[in-house]
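Down below is the structure, laid out as structure tokens.
All chains are named by letter (A, B, ...) in the order of the sequence lines, taking the proteins before the strands, and each is independently numbered beginning at 1.
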Amino acid sequence: MSDPKRFLITSALPYANGPIHIGHLAGVYVPSDIFTRYLRIKGKDVISVCGSDEHGVPITLKARNEGITPQEVVDKFHNINKKAFEDFGITFDIYSRTSNKMHYETASQFFRTLYDRGVFIEKSSNQYFDPETNTFLADRYITGTCPHCGNDNAYGDQCEKCGTSLNATDLINPKSVISGSKPVLKMTKHWFLPLDKYQGWLKKWILEEHREWKTNVYGQCKSWLDQGLQPRAVSRDLNWGVPVPVEGADNKVLYVWFDAPIGYISATRELTDDWEKYWKDKDTRMVHFIGKDNIVFHCIMFPSMLKAEGSYILPDNVPANEFLNLENDKISTSRNWAVWLHEYLEEFPGEQDVLRYVLCANAPEAKDNDFTWKDFQARNNNELVAIFGNFVNRTLVLTNNYFNGHVPERGPLTQYDKETLKEITVLKEKVEKSLDSYRFREALKEAMNIARLGNKYLADTEPWKVIKDDRARVGTILNISLQLTASLTIILDPFLPFSVVKLREWLNFEPRQWDDAVVDPLLSAGHKINSPELLFRKIEDKEIDFQIEKLLLTKKMNREEESQLNPAKDNIHFDDFTKLDIRSATILDAEKVPKTKKLLKLTLDTGLDKRTVVSGIAEYFNPADIIGKLVSVVVNLEPRKIRGIESQGMILMAEENNGKLVFMSPAESVSNGSEIK
RNA sequence: GGCGAGGUAGCUCAGAUGGUUAGAGCGCAGGAUUCAUAAUCCUGAGGUCUGGGGUUCAAUUCCCCAUCUCGCUACCA
């Protein structure tokens, strides 16, 4: 691996609609910070940039719900998260935000450059427009009836009941979320980045030149490239975001996926006038730390943008992590299923390193992992306290007791002494090798092995016995133990920065560079050390129980929320009711609609006729099991084509809150075609 | 439905280009030890490597089928 002149580390911009949780940390920020600190202590020219991603529809929706402005929403979370990162020791050189002026300028310029160069395709299409508020409606701003499952509250991009993704124009009875009025279709123009044009280049760049990327990253890219890329819109009709810098583009902003990664550039510009050195010099190595949900944006789209612009460098690697689960459940901001960083910092003050350690040791590098509080406790008590903390404590206490806090002279070395010292070099190189290839868990394990080595060394040499008749030998043993301890302050620096600061104080030892970890001796004989405190404290069962209780409470509240019934709908006239023609019918045949997850094609005997009905129930029923079933069916519903099959009616189902479906069947056998009223 | 990643000891995870007794940490059992936050050190028990086929002298590692988990994406590989 050739050595670049400098590094540019980016960490995924957290979306400013919620606080940071352990999933973010384990997936992105802990590894990126370890990597950055590692490069810094190696004396490399490195900058780490990040910031809040503050645009996009969800933030405007949140603002509307809470009756505040989008700016107020992002101000709140930007400040919370910026502080939480700082307090947690994530050392970004700058934590910026996409709502600031520099970003608007940078993003506009970037767009304009591509625009002037004729990179974009302009396309007009019909989109829903709210005549009352005079705005185009993003998909999320439209609700209506899902054509698949009949849910009345489906969004324009997706029905959350049946999970189908939709086009806003698919919805039956569409309704504007903003005004409640019925939207109308209106022509609107958008700009598309023709990703298909970069397909050939991307294939070569990723599939041939970056085979070393992690399998999850490489596989995902390959999947996209094999499918063939399509032009993708880079603008939206919205008034929250960076305005499209083109005449006649009123109320149009840059789409977030285009806007956000440019945030890395604007953050760098804000940090230093010398920013181009980091973005445009071939001797810079850029690394994107992200979660797996961001892979295509950072490996396909952003590189295409950079390539289209032409003067920028491309990422050298994109070490995306998988996801972290919490106590066997997916972490979810909306369901409050998370360990929030700002809460952790309050509840475990001064114990940043414990969480950093646990999240690194159990990082989801190759597959989704699970965070449990019990594991958190165990790793703290059995590893940090018992291995690292304990070794340090034994060494410093012995030195204070036997040599009054002075580093003793080193006498003649035994073979074992020499091997122990040599092992530091071996382990240091292992840590390096792992970090250089983004294997952080392995790196941490090897670093901890230095403390393990120390414990074993003390157990084998038994200075507390030897002291009775060979004080000089004990001096040598402790000298070597102190050497190990000093090395630890360097090797563990990227992982456990807070502990390392304490340890250095006790050792009375200045910060040193990475390669100094194998300098011998680091502490010269006679050097005075201070008296130590404890590096880590044991975490008690009751603290863990408290955290688990907290999560159980969340579960309970979520359940209560879910079990709340929808309020009754508005009253209707009897006439409206009599318009419905519901009959009993028998299912004659049922088969899965090919290439769908939820749809069954049913043939019914309604007494009046035999007809076909498409129903979104395949997840709950096997076709074979429901043949012969007596059901209720609305027979005068206007026929509708679903997946190319004309559905002539609707089967009545009762739906539990968890989505489970139950047939509304006559309690006793009745003849087909009997009217239900 | 398609595609991608994963399913390895009780738990959390490693296992590059296939090769003699499949690894680590924690947990567990036994022993040693007391300098240390009852921490440490040694030894040991524990796996039909999701299931079923196939290729090969040889497969956890390659191919096919099934199944489960996660992610991406949907008239489309």
Side-chain angles (χ1 to χ4, degrees), chain A residues 158 163-167 211-212 214-230 291-297 299-300 320-325 328-331 358 361-372 374-402 434 437 439 441-442 444-446 448-449 451-467 474 477-478 481 532-540 592-599 618 641-645:
Chain A
Q158 193 187 29
T164 318
S165 45
L166 303 167
N167 289 318
R211 287 173 207 239
E212 81 282 8
K214 290 173 65 171
T215 48
N216 56 345
V217 177
Y218 188 90
Q220 177 108 131
C221 292
K222 187 168 187 310
S223 160
W224 270 69
L225 290 168
D226 288 349
Q227 284 167 38
L229 301 174
Q230 299 300 318
K292 68 171 159 182
D293 52 337
N294 256 322
I295 289 172
V296 286
F297 295 104
C299 297
I300 306 259
N321 272 348
E322 301 284 302
F323 283 169
L324 188 70
N325 292 325
N328 270 316
D329 258 322
K330 266 195 261 191
I331 291 179
V358 173
N362 191 25
E365 287 180 357
K367 60 180 179 190
D368 291 357
N369 279 172
D370 199 28
F371 175 96
T372 65
K374 252 193 88 192
D375 180 63
F376 171 86
Q377 180 189 30
R379 286 193 185 272
N380 177 75
N381 292 356
N382 303 329
E383 297 175 33
L384 287 176
V385 172
I387 310 286
F388 178 35
N390 186 34
F391 169 62
V392 166
N393 192 237
R394 310 168 77 176
T395 301
L396 298 192
V397 166
L398 287 172
T399 303
N400 275 314
N401 289 351
Y402 297 155
S434 300
S437 44
R439 293 198 300 265
R441 327 167 36 125
E442 189 180 84
L444 179 55
K445 196 182 96 189
E446 295 298 349
M448 283 294 283
N449 277 342
R452 289 197 156 89
L453 178 71
N455 277 321
K456 182 168 161 50
Y457 179 74
L458 286 179
D460 289 342
T461 53
E462 298 181 305
W464 48 89
K465 275 189 187 165
V466 178
I467 192 69
V474 171
I477 292 168
L478 288 180
S481 301
E533 291 161 43
L534 293 178
L535 216 37
F536 302 97
R537 67 175 183 94
K538 284 203 132 194
I539 291 175
E540 305 293 333
K592 216 158 172 227
V593 179
K595 304 197 172 194
T596 65
K597 210 186 293 185
K598 302 185 174 67
L599 299 184
K641 266 204 172 177
I642 299 174
R643 296 275 155 175
I645 303 164

(request) May I have the step-by-step check of side chain to side chain donor-acceptor pair (under 3.5 Å) for Asn216(A) and Lys367(A), ending in yes or no? (result) CA-CA 9 Å; Asn216(A) 56 345; Lys367(A) 60 180 179 190; over 6 Å; no
(request) Output the single nucleotide from G27(B), C35(B), U40(B) whose closest atom is nearest the side chain of Val397(A). (result) C35(B)
(message) Among Val474(A), Thr395(A), Thr399(A), exactly one meets side chain to side chain contact (heavy atoms under 4.5 Å, CB included) together with Pro463(A). Which residue is that?
(response) Val474(A)
(request) Please work out whether G46(B) sits syn or anti, treating a glycosidic angle within 90° of 0 as syn. (result) syn
(message) Return whichever of Asp293(A) or Glu365(A) has its heavy-atom-nearest nucleotide of RNA chain B closer to the 5' end.
(response) Glu365(A)
(request) Look up atom CD1 in Ile467(A) and atom CG in Leu478(A), then write down how far apart they are to the nearest 0.5 Å. (result) 8.0 Å
(request) Tell me what Asn390(A) touches on the nucleic acid: a base, only sugar-phosphate, or nothing, going by heavy atoms under 4.0 Å. (result) base
(message) Which is more 5' along RNA chain B, the nucleotide nearest Arg379(A) or the one nearest Leu535(A)? Just name the residue.
(response) Arg379(A)
(request) Measure the spacing between CG of Asn390(A) and CG of Leu384(A) and express it to the nearest 0.5 Å. (result) 12.0 Å
(request) Indicate, with a heavy-atom threshold strictly under 4.0 Å, whether Arg211(A) touches base, sugar-phosphate, or nothing. (result) nothing
(request) Tell me what Glu383(A) touches on the nucleic acid: a base, only sugar-phosphate, or nothing, going by heavy atoms under 4.0 Å. (result) sugar-phosphate
(request) Mind checking which stems touch RNA chain B? I mean at least 3 consecutive Watson-Crick or G-U pairs, both distances under 3.5 Å. (result) B:1-7 with B:67-73, B:10-13 with B:23-26, B:28-32 with B:40-44, B:50-54 with B:62-66
(message) Among U12(B), G71(B), C41(B), which nucleotide has an atom closest to any side-chain atom of Asn369(A)?
(response) U12(B)
(message) Let's see if you can work this out: which of C41(B), C26(B), C35(B) has an atom nearest to the side-chain heavy atoms of Arg394(A)?
(response) C35(B)
(message) What contact category does Lys465(A) fall into here, base, sugar-phosphate, or nothing, at under 4.0 angstrom with non-hydrogen atoms?
(response) sugar-phosphate
(message) Mind checking if Ile467(A) touches a base, just sugar-phosphate, or nothing, with heavy atoms under 4.0 Å?
(response) nothing
(message) Once rounded to the nearest 0.5 Å, what's the spacing between atom NZ of Lys292(A) and atom NZ of Lys214(A)?
(response) 10.5 Å
(request) Identify which nucleotide among C35(B), C41(B), U8(B) has an atom closest to any side-chain atom of Lys367(A), counting heavy atoms from C-beta outward. (result) U8(B)
(message) How many whole angstroms separate atom CG of Asn449(A) from atom P of A24(B)?
(response) 12 Å
(request) Using a heavy-atom cut-off of under 4.0 Å over every strand shown, decide if Lys538(A) touches base, sugar-phosphate, or nothing. (result) base
(request) Remember a base hit wins even if backbone is also touched, and classify Asn401(A) as base, sugar-phosphate or nothing at under 4.0 Å, heavy atoms. (result) nothing
(request) Would you tell me if any nitrogen or oxygen in the side chain of Asn455(A) comes within less than 4.0 Å of OP1 or OP2 on A39(B)? (result) no
(request) Select base, sugar-phosphate, or nothing to describe what Arg439(A) touches, counting heavy atoms under 4.0 Å on all strands. (result) nothing
(request) Just call it for Tyr218(A): base, sugar-phosphate, or nothing, with non-hydrogen atoms closer than 4.0 Å on any strand. (result) nothing
(message) If I take atom NZ from residue Lys538(A) and atom CG from residue Asn382(A), how far apart are they, to the nearest 0.5 angstrom?
(response) 7.5 Å
(message) Can you list everything that forms a ring pair (Phe, Tyr, Trp, His ring centres under 6.0 Å) with Phe536(A)? Sequence neighbours excluded, please.
(response) Phe388(A)
(message) Within the 4.0 Å heavy-atom criterion, would you say Ala366(A) contacts the bases, only the backbone, or no part of the nucleic acid?
(response) sugar-phosphate
(message) What's the separation between atom CG in Asn455(A) and atom CZ in Arg394(A), rounded to the nearest 0.5 Å?
(response) 5.0 Å
(request) Would you kindly give the CG-to-P distance between Asn382(A) and A24(B), to the nearest whole Å? (result) 17 Å
(message) Checking Asn380(A) against Gln377(A) for the side chain to side chain donor-acceptor pair (under 3.5 Å) test, could you report, in this order, the C-alpha distance in whole Å, the side-chain angles of both residues, the deciding distance, and whether it holds?
(response) CA-CA 5 Å; Asn380(A) 177 75; Gln377(A) 180 189 30; over 6 Å; no
(request) Tell me whether the OP1 or OP2 atom of C35(B) has a side-chain N or O from Thr399(A) closer than 4.0 Å. (result) no
(message) If you only use heavy atoms from C-beta on, which nucleotide in C35(B), G25(B), C72(B) is closest to the side chain of Arg452(A)?
(response) G25(B)
(message) Any base atoms under 4.0 Å from Lys374(A), or only sugar-phosphate, or nothing? Heavy atoms, all strands.
(response) nothing
(message) Could you tell me how far apart Asp368(A) (CG) and C68(B) (C1') are, to the nearest whole angstrom?
(response) 14 Å
